[in-house]
Amino acid sequence: MIIAIDGPAGSGKSTVARMLAKRLGFWYLDTGAMYRALTWKAMQMGVKLEDENALCSLMDETTIEFQGKDENLRVFVDGHNVTKEIRLPSITNNIHYISNKPGVRQRMVKLQQKLAAEGNTVAEGRDMGTVVFPNAERKFFLDADIEERAKRRYAEFKPSHKEVFYADVIKDIETRDRRDTTRNNSPLVKGRDAIYINTTKLTIDEVFNMMLKEIESVGHT
Ligand code: DC
């Protein structure tokens with residue numbers, strides 16, 4: 001069984017995906033981490049981020065793996081633990097070079113499908129329900145007002161990055177929204193068969209319970 005969760009940055013999808021995976025005993029597939037991992041490697045190797053052929057070859061010779069489950073998920077590139085490094089702003093700001101290349105996306109999709117074939121999976125990203133898992137048993141699209149998403153990100157960053165400003169966080173989210181929704185390849189869109197949840201005024205537990213109810217009803221539909 002596959003649960004597909006898509007949505008913009010700060011919509012709450014990672015938190016709730018981990019919670020659902022834990023509750024259901026499913027694997028948690030963080031596909032954003034995979035694009036982050038390849039961006040990390042390309043930057044380490046000094047590969048030109050505009051060069052699609054070089055990025056495709058890089059992907060072909062790179063091993064991206066996960067270890068652990070839900071909140072203990074760790075990401076490895078060629079055996080090197082990159083879980084923390086791939087969250088750095090320098091990576092986040094450059095992912096769009098990687099994620100808009102059709103050849104890279106094709107390879108990522110194949111790998112994501114292969115990983116999900118190992119067992120029941122909660123898959124989270126931008127194109128889970130629309131491209132990667134069109135036959136997922138349940139599809140969700142999580143959203144929230146941009147101010148609320150920026151507030152959540154700011155609260156997350158502030159304790160470890162004292163110098164962070166709310167105005168910068170909201171600007172970054174606006175830029176990512178624009179890049180994610182306007183790229184030619186697999187842009188972030190709500191699929192017609194996805195259940196839309198606006199999380200702006202909901203607690204994470206409320207979102208979790210709504211989704212769990214929908215998932216538990218799969219057998220009865
Ligand atoms: O979910 P995240 O913030 O870790 O994702 C980082 C970036 O990766 C996001 O801005 C767009 C890209 N991404 C993508 O293009 N397709 C996915 N399925 C997941 C992420």
Side-chain angles (χ1 to χ4, degrees), residues 2-21 27-43 49 52 55-56 59 62 64 66 70-71 73-75 77 82-116 121-134 136 139-144 146 149-150 152-154 156-157 169-191 194 199:
I2 294 187
I3 310 298
I5 308 176
D6 293 305
S11 57
K13 61 187 190 318
S14 299
T15 310
V16 92
R18 284 170 202 261
M19 288 167 75
L20 286 168
W27 292 103
Y28 165 50
L29 182 61
D30 178 357
T31 63
M34 298 169 73
Y35 286 96
R36 287 175 181 277
L38 189 66
T39 306
W40 177 86
K41 175 136 179 207
M43 290 171 71
L49 299 180
E52 177 159 11
L55 290 170
C56 287
M59 179 76 194
T62 299
I64 299 173
F66 290 104
D70 36 79
E71 67 260 26
L73 190 83
R74 282 160 296 137
V75 191
V77 172
V82 296
T83 311
K84 281 216 176 103
E85 285 168 74
I86 59 170
R87 303 285 153 195
L88 292 172
S90 56
I91 302 290
T92 308
N93 295 337
N94 282 312
I95 299 174
H96 65 103
Y97 289 108
I98 308 283
S99 65
N100 71 5
K101 305 282 185 289
V104 172
R105 293 204 77 90
Q106 269 168 21
R107 287 162 170 80
M108 283 290 182
V109 168
K110 265 199 195 147
L111 179 56
Q112 289 158 8
Q113 290 170 339
K114 188 171 149 218
L115 291 171
T121 301
V122 177
E124 175 232 314
R126 304 293 189 287
D127 56 349
M128 297 297 99
T130 47
V131 176
V132 186
F133 303 112
K139 299 180 184 181
F140 296 95
F141 190 95
L142 264 50
D143 201 2
I146 189 155
R149 292 192 282 123
R152 291 174 187 168
R153 274 292 135 91
Y154 178 72
E156 228 172 82
F157 287 151
V169 176
I170 200 162
K171 230 191 285 157
D172 282 353
I173 290 196
E174 269 166 1
T175 306
R176 281 179 74 191
D177 280 359
R178 186 170 27 78
R179 285 176 176 154
D180 285 349
T181 55
T182 59
R183 69 165 172 248
N184 290 328
N185 303 292
S186 309
L188 172 68
V189 282
K190 181 201 156 314
T199 69

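Numbers here simply count residues along the sequence, with the first being 1. As the structure lists them, so they are numbered: ligands from 1, and atoms in each ligand from 1. It should be emphasised that the depicted structure is a prediction, and the values quoted were computed from it without experimental measurement.
With respect to atom 18 (N) of ligand 1, the closest heavy atom belonging to the protein is Asp127 OD1, 2.9 Å. Ranking the protein heavy atoms by distance from atom 19 (C) of ligand 1 puts Thr31 OG1, 3.5 Å first. The nearest heavy-atom contact from the protein to atom 9 (C) of ligand 1 is Arg126 NH2, 3.4 Å. Protein heavy atom at the shortest distance from atom 20 (C) of ligand 1 is Gly32 CA, 3.5 Å. Nearest non-hydrogen protein atom to atom 2 (P) of ligand 1 is Arg176 NH2, 3.6 Å.
When the heavy atoms of Thr175, Ile95, Asn93 are ranked by distance to atom 8 (O) of ligand 1, first place goes to Ile95.
With hydrogens and angles disregarded, a donor-acceptor distance shorter than 3.5 Å links the side chain of Lys13 to the backbone of Gly7.
With a 4.0 Å cut-off on non-hydrogen atoms, Arg179 does not touch ligand 1 at all. In Asp180, the part holding a heavy atom less than 4.0 Å from any atom of ligand 1 is the side chain. By the criterion of a heavy-atom distance under 4.0 Å, neither the backbone nor the side chain of Ala9 is placed next to ligand 1. Contact annotation for Gln112 and ligand 1: no heavy atom of the residue comes within less than 4.0 Å of the ligand.
Between Arg87 and Arg36, some side-chain heavy-atom pair lies under the 4.5 Å cut-off. Within the 4.5 Å cutoff, the side chain of Gln112 has heavy atoms near those of the Met128 side chain. Side chains of Leu29 and Val122 form no contact here, defined as non-hydrogen atoms less than 4.5 Å apart.
Contact atoms of ligand 1 toward Arg36: 2 (P), 3 (O), 4 (O), 6 (C) (distance under 4.0 Å to a heavy atom of the residue). Within the listing of ligand 1, atoms 4 (O) sit less than 4.0 angstrom from a heavy atom of Arg87.
Side-chain contact, Thr199 with Arg152: a donor N or O sits under 3.5 Å from an acceptor N or O. In this model, a donor atom of one side chain and an acceptor atom of the other lie less than 3.5 Å apart for Ser14 and Glu124.
Using a 4.0 Å heavy-atom cutoff, Arg153 is absent from the residues neighbouring ligand 1. For the ligand labelled ligand 1, residue His96 lies outside the 4.0 Å heavy-atom shell. Assignment of Met128 to the shell around ligand 1 is supported, since a heavy atom sits closer than 4.0 Å. Heavy-atom separations between Arg105 and ligand 1 include at least one value shorter than 4.0 Å.
For Arg126, the salt bridge (Lys or Arg N to Asp or Glu O under 4.0 Å) partners two or more places apart in sequence, or in a different chain, are Asp180. Applying the salt bridge (Lys or Arg N to Asp or Glu O under 4.0 Å) test to Asp6 and every residue at least two apart in sequence or in another chain returns nothing.
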Checklist entry - Can Asp177 and Arg149 be said to form a salt bridge (Lys or Arg N to Asp or Glu O under 4.0 Å), step by step? => result CA-CA 11 Å; Asp177 280 359; Arg149 292 192 282 123; 2.6 Å; yes

Checklist entry - What's the verdict on salt bridge (Lys or Arg N to Asp or Glu O under 4.0 Å) for Glu156 and Arg153, showing C-alpha distance, side-chain angles and the deciding distance? => result CA-CA 5 Å; Glu156 228 172 82; Arg153 274 292 135 91; 3.4 Å; yes

